[in-house]
Protein chains: 2
Amino acid sequence: MKLTTRSEYALLALIHLARHEGDEYVPVAAIAEAQGVPHRFLEQLLLVLKRARLVKSQKGQRGGYRLARPPAKISLAEVIRLLDGALAPTESVSTYFYEPTPVERERRLLRVFQEIRDLVAAKLEKTTLADVR
Amino acid sequence: MKLTTRSEYALLALIHLARHEGDEYVPVAAIAEAQGVPHRFLEQLLLVLKRARLVKSQKGQRGGYRLARPPAKISLAEVIRLLDGALAPTESVSTYFYEPTPVERERRLLRVFQEIRDLVAAKLEKTTLADVR
DNA sequence: AGTATTCCGACGGGACTAGTCGGGTAAGGA
DNA sequence: TCCTTACCCGACTAGTCCCGTCGGAATACT
């Protein structure tokens, strides 16, 4: 039932970028300082975001990062799933990663977990950076 | 966003006990075999459940465990919170365990997490063993 | 007495988390 | 051309947590 700092920091970084859409290419150092997260660590996360094409980067002087899409087109779900894996509270309930467990035989219990997953997923899916900017 | 096997197994055990309410005092071995979970491990979990007064125990021959309350009075929330800690997706959003983080300054984001926590908590709070038995 | 069963604390291996570090690569400016 | 800025990449580490296992003590029934 927990979120790692990875997705938390990633979200903070994206929010920062969403706020500076005009400035194009904000360096990691600026984001890190503004949001109070470790520079070197954030670098890693932004790299992941870049590979997933959520942000674009520019090297060298005046380089940095910017959003690859408008904030309204980036959902929290996408970010969290990317950094933390499945959204489901238990492995055997995810539609993205499947693996059998002993809980599976308890259909009613599983059902409850499915409903929760759907609730959470729906909420995260429809909340975008534009909403939390 | 994940549940540990601890609470999963604990729930399975409780469900088993709920199904055998008349038999009073089911030994751990029986539960473990029925639900397919490691005997020695489950023992630990039941001990926790006992200390929290969710179950009662009886030592010696014909001993074992039984529910301390009717199934309808035991919510999933209670069990999961006991074994896994807070239900909130991020630490700074739980009403039970509080600790400050850098995410706190992002009010809108925090708000979303709070809503999710409330959603999940409400669901788990009102679902009881009687529902999943 | 003997046997079944809970109770308790300790321990261990593996995975994961949260970072750090050193250096490589590209872009811009002087 | 050369220097500086900044991204890029992989390796590494220290700590924590998870999933169990184990040995044995205490207790209750037969």
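Quick note: numbers below take in every heavy atom, side chains included, and nothing from hydrogens, waters or symmetry partners. In what follows, every chain begins at residue 1, and chains take the letters A, B, ... in the order their sequences are listed.
Close to C/dC7, at under 4.0 Å from its OP1 or OP2, lies a side-chain N or O of B/Tyr65. Listed pair A/Arg51 / D/dC8 fails the phosphate criterion, with no side-chain N or O lying under 4.0 Å from OP1 or OP2. For D/dC8, one of the phosphate oxygens OP1 or OP2 lies less than 4.0 angstrom from a side-chain nitrogen or oxygen of A/Ser57.
Taking 4.0 Å as the cut-off between side-chain N and carboxylate O, A/Arg53 and A/Glu78 do not count as a salt-bridged pair.
Of the possible polar contacts, one joining the B/Gln35 side chain to the B/Leu12 backbone as a donor-acceptor pair under 3.5 Å is found. Formation of a donor-acceptor pair under 3.5 Å by the A/Asp84 side chain with backbone atoms of A/Leu3 is not found in this model. Using modelled atom types, one side-chain atom of A/Arg108 and one backbone atom of B/Arg133 make a donor-acceptor pair closer than 3.5 Å.
Following rounding to the nearest Å, A/Leu49 (CG) and D/dC7 (P) show an atom-to-atom distance of 13 Å. Computed from coordinates, the A/Tyr25 OH to D/dC7 P distance equals 12 Å when rounded to whole Å. The nearest whole Å value for the distance from the CD1 atom in A/Ile31 to the P atom in D/dA6 is 12 Å. A straight line from CG of B/Leu42 to P of C/dT5 spans 14 Å, rounded to a whole angstrom. At whole-Å resolution of the value, CD in B/Glu24 and P in D/dC29 are 12 Å apart. Rounded to an integer number of Å, the gap from A/Lys56 NZ to D/dC8 C1' is 18 Å. Summarising the geometry, the separation between CG on B/Leu45 and C1' on C/dT6 is reported as 14 Å, rounded to the nearest angstrom.
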- side chain to side chain contact (heavy atoms under 4.5 Å, CB included) assessment of A/Lys73 paired with A/Thr128: CA-CA 7 Å; A/Lys73 291 260 169 92; A/Thr128 71; over 6 Å; no

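Under the 4.5 Å side-chain heavy-atom criterion for grouping Ile, Leu, Val, Met, Phe, Trp and Tyr, B/Leu76 is connected to B/Leu82 within one hydrophobic cluster.
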- Along nucleotides 17-30 of chain C, 5' to 3', which nucleotides get a B, which get an S, and which get a -, given that the test is a protein heavy-atom distance under 4.0 Å? SSBBBBB-BBBBS-

